[in-house]
Undergrad: 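Let me give you the structure first, and then I'll get to my questions.
Count residues from 1 along the sequence. The figures that follow rest on heavy atoms only: side chains count, while hydrogens, waters and symmetry mates do not.
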Amino acid sequence: MKQLYLKMLKCLLPILFISYLAGITFFTHSHVVNGVTIVHSHPFNKDTDHNHTTTELQLIHLLSHVVTAGTVILPLLLLVYSRILRTLLNKPESSGYTSSPRGILSLRAPPSHC
């Protein structure tokens, strides 16, 4: 059952994304309400008069402008920065390479074991 669910999601999510992308690309239009231009997108018939109620315009505004509080973003940024810093400061135990003995300069490649 879980495999079927995952297969359905693998097909559904790209279709959903492509539909969303097509909607915001092909159906963008604007309305002027009280001197304010509101630009948004959704499918509509261009041949008919297309208007929105005040409630619909407020909903469009709320969906278009997502505001997050700094109290949410700060812990996430600290987590990301701490992981990056830990990765940069972590020293590998061994690089797997050996260097030539001090004072000896060898310009030829090591012999192959064929």
Side-chain angles (χ1 to χ4, degrees):
M1 187 68 181
K2 186 177 180 180
Q3 293 295 337
L4 177 64
Y5 179 70
L6 290 175
K7 282 184 181 182
M8 288 174 51
L9 275 180
K10 285 180 183 179
C11 294
L12 180 67
L13 290 178
I15 291 170
L16 181 67
F17 175 74
I18 291 169
S19 301
Y20 171 74
L21 191 61
I24 63 172
T25 303
F26 297 122
F27 301 110
T28 302
H29 59 280
S30 61
H31 302 281
V32 178
V33 179
N34 297 331
V36 177
T37 304
I38 299 171
V39 179
H40 66 281
S41 62
H42 59 83
F44 69 100
N45 189 355
K46 292 183 180 183
D47 298 333
T48 61
D49 188 27
H50 175 73
N51 292 319
H52 292 284
T53 65
T54 305
T55 307
E56 290 172 342
L57 291 172
Q58 288 175 350
L59 178 63
I60 290 168
H61 174 74
L62 290 173
L63 292 175
S64 300
H65 297 87
V66 177
V67 177
T68 58
T71 57
V72 174
I73 294 176
L74 183 61
L76 291 175
L77 285 176
L78 289 175
L79 177 68
V80 169
Y81 290 148
S82 67
R83 289 195 180 189
I84 291 172
L85 188 62
R86 184 175 39 211
T87 302
L88 292 175
L89 294 177
N90 187 17
K91 294 181 182 178
E93 293 178 19
S94 172
S95 64
Y97 298 105
T98 58
S99 59
S100 60
R102 188 166 242 186
I104 298 175
L105 182 62
S106 174
L107 297 178
R108 74 174 188 89
S112 64
H113 299 330
C114 292

Undergrad: Backbone N or O of Val36 within a donor-acceptor pair of the Asn34 side chain at under 3.5 Å?
TA: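 It does not hold such a pair.
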Undergrad: Please identify each residue that fulfils side-chain contact (heavy atoms from CB on, under 4.5 Å) with Arg86, with sequence neighbours left out.
TA: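 Arg83.
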Undergrad: Identify the two heavy atoms, one from Pro14 and one from Leu9, that lie closest to each other, and give their separation to 0.1 Å.
TA: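 Reported closest heavy-atom pair: CD-O, 4.0 Å.
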Undergrad: Name all residues meeting the side-chain contact (heavy atoms from CB on, under 4.5 Å) criterion together with Ile24; count only those two or more places apart in sequence or in a different chain, and write none if there are none.
TA: Tyr20, Leu21, Ser41
Undergrad: Hydrophobic clusters join Ile, Leu, Val, Met, Phe, Trp and Tyr when side-chain heavy atoms are under 4.5 Å apart, directly or via other members; which others share one with Leu4?
TA: Met8
Undergrad: Would you please name every residue forming a side-chain hydrogen bond (donor to acceptor under 3.5 Å, both in side chains) with Asn51, sequence neighbours left out?
TA: Asp49
Undergrad: Please go through Ile15's hydrophobic cluster and name the other residues, only I, L, V, M, F, W, Y counting, with side-chain heavy atoms under 4.5 Å joining them.
TA: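 Ile15 shares its hydrophobic cluster with no other residue.
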Undergrad: Among all residues two or more places apart in sequence or in another chain, which pass the side-chain hydrogen bond (donor to acceptor under 3.5 Å, both in side chains) test with Gln58?
TA: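 Result, side-chain hydrogen bond (donor to acceptor under 3.5 Å, both in side chains) vs Gln58: none returned.
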Undergrad: Name all residues meeting the side-chain contact (heavy atoms from CB on, under 4.5 Å) criterion together with Leu89; count only those two or more places apart in sequence or in a different chain, and write none if there are none.
TA: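 Residues passing side-chain contact (heavy atoms from CB on, under 4.5 Å) with Leu89: Leu85.
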Undergrad: Run through the side-chain heavy atoms of Ile, Leu, Val, Met, Phe, Trp and Tyr, join any pair under 4.5 Å, and report what else lands in Phe26's cluster.
TA: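 Traced through the cluster, Phe26 reaches Phe27.
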Undergrad: If I take atom OG from residue Ser82 and atom CG from residue Leu77, how far apart are they, to the nearest 0.5 angstrom?
TA: 10.5 Å
Undergrad: Give me the other members of the hydrophobic cluster that Ile84 sits in, counting Ile, Leu, Val, Met, Phe, Trp and Tyr linked by side-chain heavy atoms under 4.5 Å, directly or via other members.
TA: Val80, Leu88
Undergrad: Report the residues that fulfil side-chain contact (heavy atoms from CB on, under 4.5 Å) with Phe44, sequence neighbours left out, ordered by chain and then residue number.
TA: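 Phe44: side-chain contact (heavy atoms from CB on, under 4.5 Å) contacts with His29, His42, Lys46, His50.
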